[in-house]
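Contents: one structure, followed by commentary.
Numbers restart at 1 for each chain; the letters A, B, ... are given by sequence-line order, proteins then strands.
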Amino acid sequence: MFARLNELMIFSKTLTHWYSNNKRNLPWRETNNPYYIWLSEIILQQTQVKQGLPYYDAFVTKYPTVFDLAKANESDVLKLWQGLGYYSRARNLHATAKHVAKALKGKFPNNHKDLLKLKGVGDYTASAVASICFNEVAAVVDGNVYRVLSRYFGIDTPINSSKGAKEFKLLAQELIDKQYPAEFNQAIMEFGATQCKPKNPYCHICPFNQGCIALNTNRISELPVKIKSAKAKKKHFNFLVFISEDEKTILQKREGKGIWQSLYQFPLIETDKNMDAESFKKHIENEDLLKDVSFDLSLYNKDVIVHKLSHQHLYTKFWILNVNRLTVEGISTRDIRNYAVPILIGNFIESFNFQ
DNA sequence: AAGCCGGGGCT
DNA sequence: AGCCCAGGCTT
């Protein structure tokens with residue numbers, strides 16, 4: 001019993017000592033302001049620091065306070081979020097900013113239980129904000145924590161099972177430094193991110209290389225254990241890039257439930273197989289957008305573009321349609337960069353070099 | 001409990 | 001081309 005307590009104590013002290021010597025200088029570590037901490041935590045969900053950092057800087061610059069973010073239009077928030085993915089984060093971010101600004105008069109909840117009620121805030125984010133901003137003893141369990149704990153303690157319960165979630169949360173809550181919860185939480189995540197990495201961790205210089213069960217039983221590459229997810233489905237996307245004689249094109253807002261909700265795209269024709277020019281021309285002849293329109297069809301990308309999402313692979317072709325007129329309003333091609341689009345579309349827009 | 005929601009990186 | 005990453009929400 002005392003040996004166990006002692007071991008946990010040594011783990012925590014070693015970890016926070018490592019952190020004090022190895023932590024990166026990051027802008028959200030200069031503040032305890034809940035708005036900035038919350039913003040950084042939403043951005044960093046499923047996202048590495050390297051990718052999220054420029055977005056954090058952009059949001060802080062454009063929206064210095066929660067009131068500024070609350071006043072923005074959702075389309076502007078999505079535009080600033082463009083390329084970061086998981087766009088429900090941006091929609092929830094904006095909705096929560098409005099809620100905090102209005103209903104809570106700009107004051108973020110100051111505890112885990114109430115933070116959990118905010119849209120887009122789950123157990124991880126509530127724990128992070130509660131500990132970092134308010135010193136609440138709430139252990140964070142993110143992917144880094146799963147990795148560090150499963151390796152050091154040799155736990156092979158799948159981390160993406162409900163049993164694993166409970167088990168690791170309980171262990172983290174047991175380990176957390178009750179005096180310095182903010183320091184401990186950030187230390188274990190930083191340690192997982194930069195030292196106990198998924199591939200090729202620096203075990204030879206690791207302060208835990210005596211006690212780490214995974215290392216001492218040669219199971220570093222096997223831990224943490226994760227239940228495999230289903231393979232991605234293949235889809236065939238054909239985008240219609242209209243270009244009219246008066247330099248206009250068509251963008252449509254994605255509505256409903258699926259991917260890229262509320263982002264813009266060129267009119268999309270999904271087919272059940274890869275299309276060549278001849279059969280595709282036949283395929284689209286009866287489209288409403290082409291009714292009584294004389295058009296010239298050409299394929300922009302010779303090789304199909306494979307855009308990989310976590311659960312579907314999009315085999316994509318951009319079809320250029322030079323038309324005499326548009327049958328719907330359309331937008332000037334000069335304004336095309338004002339719309340929030342998926343990175344797949346954004347890359348095409350840059351490459352095509354719209355005037 | 002299982003599936004959905006991006007995009008980047010590595011091999 | 002295939003695999004890894006992994007928080008929150010919906011079903």
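Listed nucleotides B:dG9, B:dG6, C:dA1 differ in distance to A:W260; the shortest reach to its side chain belongs to B:dG6. Listed nucleotides: C:dC5, C:dG7, B:dG7. Nearest to the side chain of A:T125: C:dG7. Among B:dG7, C:dG7, C:dC4, the nucleotide with an atom closest to any side-chain atom of A:L309 is B:dG7. For A:H307, taking side-chain heavy atoms from C-beta onward, the closest of the listed nucleotides C:dC9, B:dG7, C:dA6 is B:dG7. Of the listed nucleotides (C:dA1, C:dA6, B:dG8), B:dG8 has the atom at the smallest distance from the side chain of A:I343. Comparing B:dG6, C:dC9, C:dA6 against the side chain of A:Y86 picks out B:dG6 as the nearest. Residue A:N92 places its side chain closer to C:dC9 than to any other of C:dC3, C:dC9, B:dG7.
One atom, CG of A:L314, and another, P of B:dG8, lie 14 Å apart when rounded to the nearest Å. What separates NZ of A:K119 from P of B:dC5 is a distance of 18 Å, to the nearest Å. Note: OH (A:Y315) to C1' (C:dA1) measures 7 Å, nearest angstrom. Summarising the geometry, the separation between CD1 on A:I43 and C1' on C:dG7 is reported as 15 Å, rounded to the nearest angstrom. Atom pair A:D142:CG and C:dG7:C1' shows a separation of 9 Å (rounding to whole Å applied). Spacing between atom NZ of A:K234 and atom C1' of C:dG2 amounts to 11 Å, rounded to whole angstrom units. The distance from atom CG of A:L93 to atom P of C:dG7 is 18 Å, rounded to the nearest whole Å. The NZ atom of A:K233 sits 5 Å away from the P atom of B:dC4 (whole-angstrom rounding).
For A:Q261 and B:dC4, the shortest distance from a side-chain N or O to OP1 or OP2 is not below 4.0 Å. Look at A:Y146 and you won't find any side-chain N or O under 4.0 angstrom from OP1 or OP2 of C:dC5. Here A:K257 does not reach the OP1 or OP2 of C:dT10: none of its side-chain N or O atoms lies under 4.0 Å away. Put simply, A:K228 has a side-chain N or O that comes within less than 4.0 Å of OP1 or OP2 on C:dC4. Between A:H311 and B:dC4, a side-chain N or O to OP1/OP2 separation shorter than 4.0 Å is absent. Between A:R91 and B:dC5 there is no side-chain polar atom (N or O) within less than 4.0 angstrom of OP1 or OP2. Contact annotation: A:S88 side-chain N/O to C:dG8 OP1/OP2 distance is not under 4.0 Å.
Between A:Q51 and A:N200, the residue anchored nearer the 5' end of DNA chain B, judged by the nucleotide with its closest heavy atom, is A:Q51. The residue among A:V121 and A:N144 whose nearest nucleotide of DNA chain C lies closer to the 5′ end is A:N144. When the nearest nucleotides of DNA chain B are assigned to A:I227 and A:L263 by heavy-atom distance, the more 5′-ward of the two goes with A:I227.
A:S150 and A:D156 are not linked by any side-chain donor-acceptor pair at a separation below 3.5 angstrom, with hydrogens and angles left out of the test. Under the 3.5 Å distance criterion, with hydrogens and angles disregarded, no donor-acceptor pair is assigned to the side chains of A:S131 and A:E136. Side-chain contact, A:K317 with A:N274: a donor N or O sits under 3.5 Å from an acceptor N or O. At a cut-off of 3.5 Å, with distance as the only test, a side-chain donor of A:Q265 or A:R254 sits close to an acceptor on the other residue. A:S351 and A:Y300 share a side-chain donor-acceptor pair at under 3.5 Å.
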> Given the rule in the side-chain contact (heavy atoms from CB on, under 4.5 Å) test, do A:V323 and A:E245 qualify, once you have shown the distances and angles that lead to the verdict?
Replying inline: CA-CA 7 Å; A:V323 296; A:E245 287 169 359; over 6 Å; no
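Nucleotides B:dG8 and C:dC9 have their P atoms positioned 24 Å apart, rounded to a whole Å. When the P atom is compared between B:dG6 and C:dT11, the two are found 15 Å apart, to the nearest whole Å.
Counting any heavy atom pair closer than 4.0 Å across all strands shown, A:N160 reaches no nucleic acid atom. Counting non-hydrogen atoms under 4.0 angstrom, A:Q48 reaches nothing in the nucleic acid.
Salt-bridge check for A:K169 with A:D123: passed, with a basic side-chain N closer than 4.0 Å to an acidic carboxylate O.
A donor N or O paired with an acceptor N or O is not found under 3.5 Å between the base of C:dG8 and the side-chain atoms of A:Q45. At a cut-off of 3.5 angstrom, counting only N and O atoms as typed in the model, there is no donor on one side facing an acceptor on the other between the side-chain of A:K308 and the base of B:dG8.
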